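So you know, we letter chains A, B, ... as the sequences are listed, proteins then strands, and number each from 1. Please read all numbers here as calculations on a predicted model, not as lab measurements.
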Amino acid sequence: MDQNTPAADQDAVYDPAVAEPRWQAAWAARDCFRAADVPAGDKPKYYVLEMFPYPSGKIHMGHVRNYTLGDVVARYKRARGFDVLHPMGWDAFGLPAENAARQRNIPPARWTYDNIAAMRSELKRIGLSLDWSREFATCDPAYYGQQQKIFLDFWQAGLVERRLSAVNWDPVDNTVLANEQVIDGKGWLSGAAVEKRNLAQWFLKITDYAPELLAGLDALPRWPERVRTMQANWIGRSEGAEVTFPLTAPAGDIHDVSVYTTRPDTLFGMSFLAIAADHKLAAFAAQTNDSVRQFIAECHSAGTSEAAIETAEKRGIDTGLFVIHPFTGAKFPVWIANFVLMDYGTGAIFGCPCGDQRDLDFARKYHLPVPVVIAPADAGLDFTITDKAYDGPGLIRNSDFLDGLDSPAAKSRAIAALEERKAGRGVVNWRLRDWGISRQRYWGCPIPVIHCPSCGPQPVPAADLPVRLPEDVSFDRPGNPLDHHPSWKHVACPACGAPALRETDTFDTFIDSSWYFARFCAPEAATPTDRRAVDHWLPVDQYVGGIEHAILHLLYARFFTRAMEKCGHVGLAEPFAGLFTQGMVTHASYKNADGQWLYPEEVEFAADGAATARADGRPVSVGRIEKMSKSKRNTVDPGVIIDRFGADTARWFVLSDNPPERDVEWTESGVQGASRFLTRLFRLTARVADEAVQPHHESLSAPAKALRQATHRCIAAVSEAVEHFAFNVAIAKLHELANHLADSEKHPADPSLLWARRECAGIAAQLVAPFVPHLAEDIFARLNPGHPALVAELDWPQADPSLVALDELTIAVQIMGKLRGTILLPPGADAETAYEAALAEPNVARALAGMTIVKRIHVPDRIVNFVVRS
RNA sequence: GCGGGCGUGGUGGAACUGGUAGACGCGCCGGACUCAAAAUCCGGUUCCCAAAAGGAGUGUCGGUUCGAUUCCGACCGCCCGCACCA
């Protein structure tokens, strides 16, 4: 074939708009992706799950990326002989539906189900290999009714508690605010300063499982290391001491204050004692001291988020009370500090400014002493602390019986001394707090509890489940519509029959997503799970989702699975054997001359890159590349891309440009590149399809052998890359294969080459199938007219090891670690052979002239390095 | 503030367990085809130096090593999470 083959010679055209719906229909007609609750065959199972979407109304590129990543795995594993479960559903409860109801007067249920319908049809256009028969939404009563059953089982199992807990309270709207609705300490709608208010709420005792949740991380080798680290830090096991400080005079019925510390070795460095604003001793101090009362009130107006607390200016107030140091008998003042958290430890700390930066900042600010009790081992006697605390390892000084010890030794000595004096003890503490699950909202799963004035909280009887959300609710005033509903909450106590009130709080939506993966195994079951189905399918073999869920969602799901195990709903502790966290889809953002955000399609670019608005031709400033979001208008609608280029192009692009764990920037040129490659691959293979079919040839021409080697090396490389989630590398290898196939057109078409070309094209179709499944089917069908199977039903191609192995390797020759030449050696060549060949290399020989070789290094099949002296 | 991560040519990135830095793509440059353009095809493309030889180079600074994008320390920048957004 001629070196320059104009495309105009080629008649075959690929039209995704026609082909994609056709192949989607073919898969559906043959039920290719349907799984059984309890499969009959003996194929190994593989459960692929992507984090299910919130039905916001439109799919965005982040969804396309997330679901395409999972789809590659699902299709690959299916081809590898696994029985694959790949379901989809909707995380359908949550605040946006209530906001829509308030702003646009649409009932949350209708808004949600309309959104689901719209997103389902968009999702279907992507060509995902999903088992749609398992679809459900968490707002379906059939789902949340089972969730209520699970909650009651947890209650019976002793995993549920009711206690007071703080919420963000908007005093103007008289409503509870989510953290995201608190902006700079003010309610997002009312603008009123938010207060903390304590409400009786339900908690799940996740802390009972803290040791197991921590230890379990070691059994998750297929989780990203950083996610395990983040979870371990979040659970936060620490070993320290609880120390009791007697007050110099009783404060009401309070005689002492307990603190938790991880640094008992620095107890002699105490400068003050600080308690949380919610500490009972703070309340006592407030009784007689107006400024203390005012300070506590200020602390209560800060909002509940930890980030807000930690970033706020560190402030405190002296209560005028004193405690006695258990070792020295010295008196120290008791302060209230806004950075001491009631939820952690005992709600009180001892301030040691020399060893803790926060304590030091506090001491400097309020002119408290800074005794130095620890210093680096090599520090002199003049070691002092100015504005930087020393929290590293070191030797203890100025500390009586701890002097000269290193920190670990001093810790155990201090704990022993505390225990001797009955002034404290060594304890293990956890940062993890129990999971507050009550939400004062409508659009969530009702908590199945009835409050009776005489019997207390009573479970709703199983026969009365599900407790359904009433649909005749109004959003014309702030607060929870369930609470306002005229009749819904008024019921008879299930125990005594007296008039009682339904719980009007609903569950945290994290509960909905803490067990959906189990429900997918048997979504129709009359019980929360079908044990045969979950025993077969769980754990999820590959879970795919955003890194933003690294801690909360994944930790809650791990806890929930253990709690479900305790109640017999599942037979395992860890729900997700493999986890992959993908990056975000980003895009440049644009602002016009008036400072308004513009959509990418509203911007025009000149040859020099200058941007102007299409509407009025005025200049546009190109902003940062950031996460696609509606507010910045830097979104690209997947539907529009599929209309223009087809789903395969969108899939290929989101996979090709970046490693999946990293953010990907959506660019127009990248999409066109993807589209161009797919068209090129189609043309290349279409030309092969037009060639005469040849019998298998044992003796190969040189170009045929080279092409077969390239083909089989590509099988090996793509398989390896897919196994490691390196989809961008897999795609690069497929580009190379296409280049090899194109190169083969330059050689005379001998029969063995024609045979090799057909092999190459067919294998290429199979290798691209997980990424661009529609195009793969089209190419395959064209190459194999009348073939009974779809690519979706074929086994993954096998690489022939004899074609994958290389006969010669390029070995680098270095002198003092610098590259001076390369030599060709057969694989496995020994060191002496390598040195000999290296010394014979002209450039190496020249560089070595006049040098003495001091040392020779040989790494087989990789490198030779000479260490020399002149 | 705390915890976790990331940083490589003009650009997205590749590089197995410390062993030839820049695979593959985008862009750009040159060529073929075309009346011309688009599309397509072929070739080139880290920087310095006219080429070769050589030198520099993976955010910055320092360390370990025969050899560091990879390991260690400090710093800078960006991103994720912080318990009621999902």
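- Among the heavy atoms of the strands lying under 4.0 Å from Thr311(A) is at least one base atom, whether or not backbone atoms are also near.
- Between Ala274(A) and Val340(A), the closest heavy-atom pair is CB-CG2, 4.0 Å.
- Of the listed nucleotides (G1(B), C84(B), C24(B)), C84(B) has the atom at the smallest distance from the side chain of Asn168(A).
- Across all strands, Thr679(A) comes closer than 4.0 Å to no nucleic acid atom at all (heavy-atom distances).
- Within the 4.0 angstrom heavy-atom criterion, base atoms lie near Ala307(A).
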For residues 432-442 of chain A, which side-chain N or O atoms pair as donor and acceptor with protein atoms under 3.5 Å away, sequence neighbours left out?
residue   : atom : partner   : partner atom : Å
Asp434(A) : OD1  : Ile206(A) : N            : 3.2
Asp434(A) : OD1  : Thr207(A) : N            : 3.0
Asp434(A) : OD1  : Thr207(A) : OG1          : 2.6
Asp434(A) : OD2  : Arg163(A) : NH2          : 2.8
Asp434(A) : OD2  : Thr207(A) : OG1          : 3.4
Trp435(A) : NE1  : Asp508(A) : OD2          : 2.9
Ser438(A) : OG   : Trp202(A) : N            : 2.7
Arg439(A) : NH1  : Gly436(A) : O            : 3.2
Arg439(A) : NH2  : Asp508(A) : OD2          : 3.1
Gln440(A) : NE2  : Gln201(A) : OE1          : 3.2
Gln440(A) : NE2  : Asp505(A) : OD2          : 3.2
Tyr442(A) : OH   : Pro470(A) : O            : 2.8

Show the distances under 3.5 angstrom between N or O atoms of the protein and N or O atoms of nucleotides 63-71 of chain B.
residue : atom : partner   : partner atom : Å
C66(B)  : O2   : Asn865(A) : ND2          : 2.3

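- Arg856(A) comes within 4.0 angstrom of no nucleic acid atom, judged by non-hydrogen atoms across all strands.
- Residue Asn739(A) has a polar side-chain atom (N or O) positioned under 4.0 Å from OP1 or OP2 of G25(B).
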Can you check nucleotides 3-13 of chain B for protein contacts, nitrogen or oxygen pairs under 3.5 Å, and list what you find?
residue : atom : partner   : partner atom : Å
G3(B)   : O3'  : Asn233(A) : ND2          : 2.9
G3(B)   : O2'  : Asn233(A) : ND2          : 2.8
G5(B)   : O2'  : Arg226(A) : NH1          : 3.4
G12(B)  : O2'  : Asp657(A) : O            : 2.7
G12(B)  : O2'  : Asn658(A) : OD1          : 2.5
G13(B)  : OP1  : Asn658(A) : ND2          : 3.1
G13(B)  : O5'  : Asn658(A) : ND2          : 3.4
G13(B)  : O3'  : Asn728(A) : ND2          : 3.4

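- Using a 4.0 Å heavy-atom cutoff across all strands shown, His549(A) reaches at least one base atom of the nucleic acid.
- Under the rule for a salt bridge (Lys or Arg N to Asp or Glu O under 4.0 Å), Arg713(A) has no partner lying at least two apart in sequence or in another chain.
- Look at the C1' atom in both C79(B) and A14(B): the space between them is 22 Å, to the nearest Å.
- Base contact: Val859(A) has a heavy atom under 4.0 Å from a base atom.
- Looking at Tyr67(A), its side chain never comes within 3.5 Å of a backbone N or O of Gly62(A) through a donor-acceptor pair.
- The side chain of Arg683(A) approaches U40(B) more closely than any other nucleotide in the set U40(B), A83(B), C85(B).
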With pairs defined as Watson-Crick or G-U wobble and both distances under 3.5 angstrom, please note down RNA chain B as a dot-bracket string, | for pairing with another strand.
-> (((((((..(((......[....)))((((((.......))))))(((.....)))..(((((..]....))))))))))))....
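- When each of Lys388(A) and Arg358(A) is assigned the nucleotide of RNA chain B with its nearest heavy atom, Arg358(A) is the one assigned upstream, toward the 5' end.
- Val176(A) has its side chain within reach of Leu199(A): a pair of non-hydrogen atoms, C-beta onward, lies under 4.5 Å apart.
- Heavy atoms of Arg431(A) sit under 4.0 angstrom from at least one base atom.
- Residue Arg439(A) places at least one side-chain N or O under 4.0 Å from the OP1 or OP2 atom of C84(B).
- Using a 4.0 Å heavy-atom criterion, one finds that Gly436(A) contacts the sugar-phosphate atoms exclusively.
- When heavy atoms are screened at a 4.0 angstrom cut-off, Val813(A) is found touching no nucleic acid atom at all.
- Taking only side-chain atoms of Val729(A), from C-beta outward, the nucleotide of C84(B), A14(B), A83(B) with the closest atom is A14(B).
- Using bins of under 30°, 30° to 60° and over 60° for the plane-to-plane angle, the ring pair Tyr835(A)/Phe866(A) lands in the tilted bin.
- Of the listed nucleotides (G55(B), C24(B), C84(B)), G55(B) has the atom at the smallest distance from the side chain of Arg820(A).
- Contacts of Glu720(A) with the nucleic acid, taken as non-hydrogen atoms under 4.0 Å apart, are absent.
- Legend: salt bridge (Lys or Arg N to Asp or Glu O under 4.0 Å) pairs involving residues 648-659 of chain A, not counting sequence neighbours, sorted by first then second residue: Asp71(A)-Arg651(A).
- A salt bridge (Lys or Arg N to Asp or Glu O under 4.0 Å) check over residues 670-680 of chain A, counting only residues at least two apart or in different chains, returns nothing.
- Using a 4.0 Å heavy-atom distance criterion, Asp343(A) is classed as making no nucleic acid contact.
- Nucleic acid contact for Leu432(A): base, since at least one base atom lies under 4.0 Å from a heavy atom of the residue.
- The residue Phe339(A) sits apart from the nucleic acid: no heavy atom pair falls under 4.0 Å.
- Within 4.0 Å (heavy atoms only), Gly94(A) reaches sugar-phosphate atoms of the nucleic acid but no base atom.
- To the nearest whole angstrom, the two P atoms, one in G12(B) and one in C66(B), are 35 Å apart.
- Considering only residues two or more places apart in sequence or on other chains, Asp361(A) meets the salt bridge (Lys or Arg N to Asp or Glu O under 4.0 Å) condition with none of them.
- With C42(B), A14(B), C24(B) as the choices, the nucleotide that has an atom nearest any side-chain atom of Lys746(A) turns out to be C42(B).
- Applying the salt bridge (Lys or Arg N to Asp or Glu O under 4.0 Å) criterion to Arg65(A), with sequence neighbours excluded, gives no partner residue.
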When the side chains of residues 717-724 of chain A are checked against the rest of the protein, which donor-acceptor pairs come out under 3.5 Å, sequence neighbours left out?
residue   : atom : partner   : partner atom : Å
Ser719(A) : OG   : Ile715(A) : O            : 2.6
Ser719(A) : OG   : Trp796(A) : NE1          : 2.9
Glu723(A) : OE2  : Tyr76(A)  : OH           : 2.7
His724(A) : ND1  : Glu720(A) : O            : 2.8

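- For Trp443(A), the ring-ring contact (aromatic ring centres under 6.0 Å, His included) test picks out Phe93(A), with sequence neighbours left out.
- Ring-plane geometry between Trp111(A) and Tyr54(A) is classed as tilted, the angle between the planes lying from 30 to 60 degrees on a 0 to 90 degree scale.
- In the set A53(B), A83(B), C84(B), C84(B) carries the atom at the smallest distance from any side-chain atom of Arg441(A).
- Taking the side-chain hydrogen bond (donor to acceptor under 3.5 Å, both in side chains) definition, one finds that His553(A) meets it with Tyr543(A), sequence neighbours left out.
- Of the C1' atoms belonging to C33(B) and C24(B), the separation is 27 Å, rounded to the nearest Å.
- Checked against A86(B), G54(B), A83(B), the side chain of Thr509(A) finds its nearest nucleotide in A86(B).
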